[in-house]
**Q** 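Got a structure for you, questions after.
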Amino acid sequence: MFPTGNRIDMVDVPGLGAIEATLINAGNPTIFVDAELLGLEGTELQPDINGDAKLLALAEAVRSRGAVAMGLAKTAEEATTRRPGTPKLAFVAKPAPYTASDGRKVEAASIDLLARIFSMGVLHHAMTGTGAVALAAAAAIPGTVVSRLHPLERGSPRTAACASAIPRAR
């Protein structure tokens, strides 16, 4: 599940330095980082990110170096040119209120964490299905970037919110 054997790895990224990341193979190979490392809050929607070439390049720098650390590519350049689809890069953050892509207001109290995922070089409109599998696995395992944001109590459900997610019923 963890290709390096670690629940958190340090990945050296130009412009950021060494950053903490969870590299996991569940659903699809996925890299999880704290949103703050990318200068984000976790509430961003596609228009906030996909028009920002500098941010997209930074996200690709993280993703491509994570691919190398996961053994999926020999170099970051190879990961970018020959393997743009995986691993996915996701960023997570503590709950915060936000407006979903359909205009709904989502309150922080209705979710356990925020998660967004990049796919093919841009922020995806929703959490991908395989990204949700990776998110659930990383959330359930202590010591990952995801689980330390909101430790899972044994037997309790977890609700993650993404741009088009429906908050849990109260």
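Along the sequence shown, residues are numbered consecutively beginning with 1.
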**Q** Kindly indicate whether a cation-pi arrangement holds for R116 with F32, taking the cut-offs as under 6.0 Å to the six-membered ring centre and within 45° of the axis.
**A** no
**Q** Any side-chain heavy atom of P97 within less than 4.5 Å of one from V106?
**A** no
**Q** Indicate yes or no for a side-chain donor-acceptor contact from N6 to the backbone of I8 under 3.5 Å, with no hydrogens or angles considered.
**A** no
**Q** Could you grab the distance from atom NE2 of H125 to atom CG of L123, nearest 0.5 Å is fine?
**A** 10.5 Å
**Q** Can you tell me if E78 has over 12 outside heavy atoms packed within less than 6.0 Å of its CD?
**A** yes
**Q** For F118, run the side chain to side chain contact (heavy atoms under 4.5 Å, CB included) check against I31, T128, L89, V62 and tell me which one passes.
**A** L89
**Q** Is T144 reaching over with its side chain to a backbone N or O of R7, donor-acceptor style, under 3.5 angstrom?
**A** no
**Q** Measuring only between side-chain heavy atoms, which start at C-beta, is V33 closer than 4.5 Å to I19?
**A** yes
**Q** Does a donor on one side chain sit under 3.5 Å from an acceptor on the other, for N28 and T86?
**A** no
**Q** Work out which heavy atom in G85 is nearest to a heavy atom in M120; give both atom names and the distance.
**A** CA-SD, 3.4 Å
**Q** When you group the ILVMFWY residues by side-chain heavy-atom contacts below 4.5 Å and let the links chain together, are I141 and M70 in the same group?
**A** no
**Q** Could you give the distance from OG (S119) to NZ (K88), rounded to the nearest 0.5 Å?
**A** 3.0 Å
**Q** Output the distance between atom CG (L55) and atom CG (L40), rounded to the nearest 0.5 Å.
**A** 5.5 Å
**Q** State, with a plain yes or no, whether a side-chain heavy atom of P142 is found less than 4.5 Å away from one of R148.
**A** no
**Q** Closer than 3.5 angstrom, by distance alone: can the side chain of N50 be matched with the main-chain N or O of P47 as a donor-acceptor pair?
**A** no
**Q** Verify the cluster assignment for L72 and V68: are they in a single hydrophobic cluster under the rule of side-chain heavy atoms below 4.5 Å apart?
**A** no
**Q** What verdict does the side-chain contact (heavy atoms from CB on, under 4.5 Å) test give for L114 and E41, after you've listed the backbone C-alpha separation in whole Å, the side-chain angles of each residue and the deciding distance to 0.1 Å?
**A** CA-CA 9 Å; L114 293 163; E41 296 177 6; over 6 Å; no
**Q** In terms of hydrophobic clusters joined by side-chain contacts under 4.5 Å, are M1 and L135 together?
**A** yes
**Q** Between A134 and A26, what is the shortest heavy-atom contact and its length?
**A** CB-O, 3.2 Å
**Q** Looking at K54 and D52, does any basic side-chain N land under 4.0 Å from a carboxylate oxygen?
**A** no
**Q** For F2 and I24, what are the C-alpha separation, side-chain angles and deciding distance, and is it a side-chain contact (heavy atoms from CB on, under 4.5 Å)?
**A** CA-CA 5 Å; F2 299 102; I24 191 168; 4.0 Å; yes
**Q** Would you compute the distance between atom CG of L149 and atom NZ of K94 and round it to the nearest 0.5 angstrom?
**A** 6.0 Å
**Q** Taking atom types as modelled, find out whether K105 and T99 have a side-chain donor-acceptor pair closer than 3.5 angstrom.
**A** yes
**Q** Looking at R82 and P84, what are the two nearest heavy atoms and their distance?
**A** C-CD, 3.4 Å
**Q** Shortest non-hydrogen contact from M127 to A115?
**A** CE-CB, 3.6 Å
**Q** Regarding T80 and E60, do their side chains bring together a donor and an acceptor under 3.5 Å, going by distance alone?
**A** yes
**Q** Check whether any side-chain heavy atom of Q46 sits under 4.5 Å from a side-chain heavy atom of S101, and report yes or no.
**A** no
**Q** For a quick test of reading the model, state the closest non-hydrogen atom pair linking D112 to P95 and the distance between them.
**A** O-CG, 3.1 Å
**Q** Is it possible for you to say whether L56 and L16 belong to one hydrophobic cluster, with membership spreading through side-chain heavy-atom contacts below 4.5 Å?
**A** yes
**Q** Taking S64 for its side chain and A79 for its backbone only, find out whether a donor-acceptor pair lies under 3.5 Å.
**A** no
**Q** At what distance, to the nearest 0.5 angstrom, does OG1 of T22 lie from CG of D9?
**A** 8.0 Å
**Q** What's the spacing between T30 OG1 and N25 CG if we round to 0.5 Å?
**A** 8.0 Å
**Q** Linking I/L/V/M/F/W/Y whenever their side-chain heavy atoms sit closer than 4.5 Å, directly or via other members, would L113 and V145 fall into one cluster?
**A** yes
**Q** What heavy-atom pair brings F91 and G42 nearest, and what distance separates the two atoms?
**A** CE1-CA, 3.8 Å
